[in-house]
Amino acid sequence: MNLDFSQIVPYIPFILEGIGATLKFVSVSILAGFILGTILAIFKITGFWPLKVFADVYTSIFRGTPLILQLMIIYLAVPQLTGYDISAFLSAVLAFGLNSAAYVSEIIRAGIMAVDKGQTEAAKALGVPYRAMMLNIILPQAFKNILPALMNEFITLTKESALVSTIGYLDLMRRAQIAGADIYRNFEPLFFAGVIYWVMVTILTLAGRYVERRMRQSD
């Protein structure tokens, strides 16, 4: 087999820098997706139909089209329409955050609907305002039930982050591609990047299981 990992040794620091770049935009995207997804989930269960329709249409669009298409529209098409040049980092955050929000909203909606209706009825009977009821009673119980699903979404987002290499963002995948082009060998740097992705996903998986166990113990 024509393998020589020694040739990528000089590029290892360069590739490793991609971990920080990847985690930077993924973290911001996860936070944005979680916040927006929570808002959309509340819209979906509200009695005010315009908000419900908006949330349903939003989810349908972002779940029904490829993530890479959404990324390309934000990075290439939006500047054409607005004249505003969007950076690769901002494009990645917007595309991944908006896309993740659609999936997170469905996860949280399902979690809210799974909470015993008696909790809502009791809160209303006690005169608890809707906002306080959602923040202090319903959502905390829902999050305990949906934590595994949320972690799976965040793990999927981390793996799909490699798509940003298509717009030139210097993430882990893009740096591995650059290293491969420089030494005219693609397997070694891509394999090295694959190992790093696997380690990151494994750490996220273990962290999720740890948090889930702690939350169960607190019940």
Side-chain angles (χ1 to χ4, degrees), residues 12-42 58-59 62-63 65-75 78 85-109 111 135 139-140 142-179 189-190 192-215:
I12 288 180
F14 174 74
I15 296 176
L16 290 178
E17 288 178 10
I19 298 176
T22 297
L23 293 179
K24 180 181 178 181
F25 99 82
V26 168
S27 300
V28 177
S29 299
I30 287 175
L31 179 61
F34 179 75
I35 294 174
L36 180 56
T38 302
I39 295 173
L40 290 172
I42 295 175
Y58 177 99
T59 301
F62 280 92
R63 292 181 66 182
T65 56
L67 175 55
I68 192 170
L69 174 63
Q70 298 162 18
L71 179 62
M72 289 299 177
I73 288 176
I74 293 174
Y75 184 67
V78 170
D85 188 19
I86 304 179
S87 67
F89 174 79
L90 181 57
S91 298
V93 169
L94 287 174
F96 279 73
L98 293 173
N99 180 273
S100 179
Y103 290 91
V104 169
S105 68
E106 279 296 292
I107 294 172
I108 295 178
R109 182 196 63 80
L135 292 177
L139 287 178
F143 286 143
K144 286 186 178 182
N145 297 329
I146 65 178
L147 182 60
L150 281 177
M151 286 305 303
N152 285 335
E153 168 61 18
F154 297 156
I155 289 171
T156 299
L157 201 66
T158 302
K159 292 189 293 184
E160 291 183 344
S161 67
L163 290 175
V164 299
S165 62
T166 60
I167 61 173
Y169 183 68
L170 286 175
D171 69 324
L172 180 60
M173 181 69 174
R174 180 60 179 166
R175 288 171 181 268
Q177 292 173 331
I178 291 174
L190 291 176
F192 183 62
V195 171
I196 296 175
Y197 277 115
W198 175 74
V199 170
M200 290 194 297
V201 168
T202 300
I203 292 174
L204 280 175
T205 302
L206 294 176
R209 290 175 180 173
Y210 173 76
V211 173
E212 186 178 356
R213 286 197 302 269
R214 292 297 299 271
M215 293 185 71

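Please read all numbers here as calculations on a predicted model, not as lab measurements.
- A 4.5 Å side-chain heavy-atom check between Leu98 and Gln70 finds every atom pair outside the cut-off.
- Taking Phe154 as the reference, nothing meets the ring pair (Phe, Tyr, Trp, His ring centres under 6.0 Å) condition, with sequence neighbours excluded.
- The CG atom of Asn152 sits 9.5 Å away from atom CG of Leu147, with the distance rounded to the nearest 0.5 Å.
- When all heavy atoms of Leu170 and Arg175 are compared, the pair lying nearest together is O-NE, 3.1 Å.
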request  = Decide yes or no on side-chain contact (heavy atoms from CB on, under 4.5 Å) for Leu157 and Tyr103, but give the supporting numbers first.
outcome  = CA-CA 11 Å; Leu157 201 66; Tyr103 290 91; over 6 Å; no
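- Rounding to the nearest 0.5 Å places CD1 of Ile39 at 10.0 Å from CD1 of Ile108.
- You'll find the side chain of Tyr197 stays beyond 4.5 Å of the side chain of Lys159, heavy atoms only.
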key: Evaluation steps, side-chain contact (heavy atoms from CB on, under 4.5 Å), between Asn99 and Leu71   = CA-CA 9 Å; Asn99 180 273; Leu71 179 62; over 6 Å; no
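- For Phe25, the ring pair (Phe, Tyr, Trp, His ring centres under 6.0 Å) partners are Phe96, Tyr169, not counting sequence neighbours.
- The minimum heavy-atom distance between Ala193 and Ala176, with the atom names listed, is CB-CB, 3.8 Å.
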query = Which is it for Met173 and Leu190 under the side-chain contact (heavy atoms from CB on, under 4.5 Å) test, yes or no, and what are the steps along the way?
reply = CA-CA 8 Å; Met173 181 69 174; Leu190 291 176; 4.1 Å; yes
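- Atom OG1 of residue Thr166 and atom OH of residue Tyr75 lie 9.5 Å apart, to the nearest 0.5 angstrom.
- Between Ile196 and Leu16, some side-chain heavy-atom pair lies under the 4.5 Å cut-off.
- Taken to the nearest 0.5 Å, the CD1 atom of Ile15 stands 11.0 Å off from the CD atom of Gln177.
- For the pair Met72 and Ile167, the minimum side-chain heavy-atom distance is below 4.5 Å.
- Here the closest heavy-atom approach between residue Glu160 and residue Leu67 is recorded as OE1-CD2, 3.3 Å.
- Under the 4.5 Å side-chain criterion, counting only non-hydrogen atoms from C-beta, Ile155 is not in contact with Thr158.
- Asp171 places no side-chain N or O within donor-acceptor distance of the main-chain N or O of Ala21, the cut-off being under 3.5 Å.
- Of all heavy-atom pairs spanning Ile74 and Ile86, the tightest one is O-CD1, 3.4 Å.
- Heavy atoms only, all atoms of each residue included: Val26 and Ser161 are closest at CG2-CB, 3.6 Å.
- Using a distance-only test at 3.5 Å, with no hydrogens or angles considered, no donor-acceptor pair links the side chain of Ser100 to the main chain of Gly97.
- Summarising the geometry of Met200 relative to Leu172, their closest heavy-atom pair is CE-CD2, 4.2 Å, with the distance given to 0.1 Å.
- Side-chain atoms of Leu206 and Tyr210, non-hydrogen and from C-beta on, never get closer than 4.5 Å to each other.
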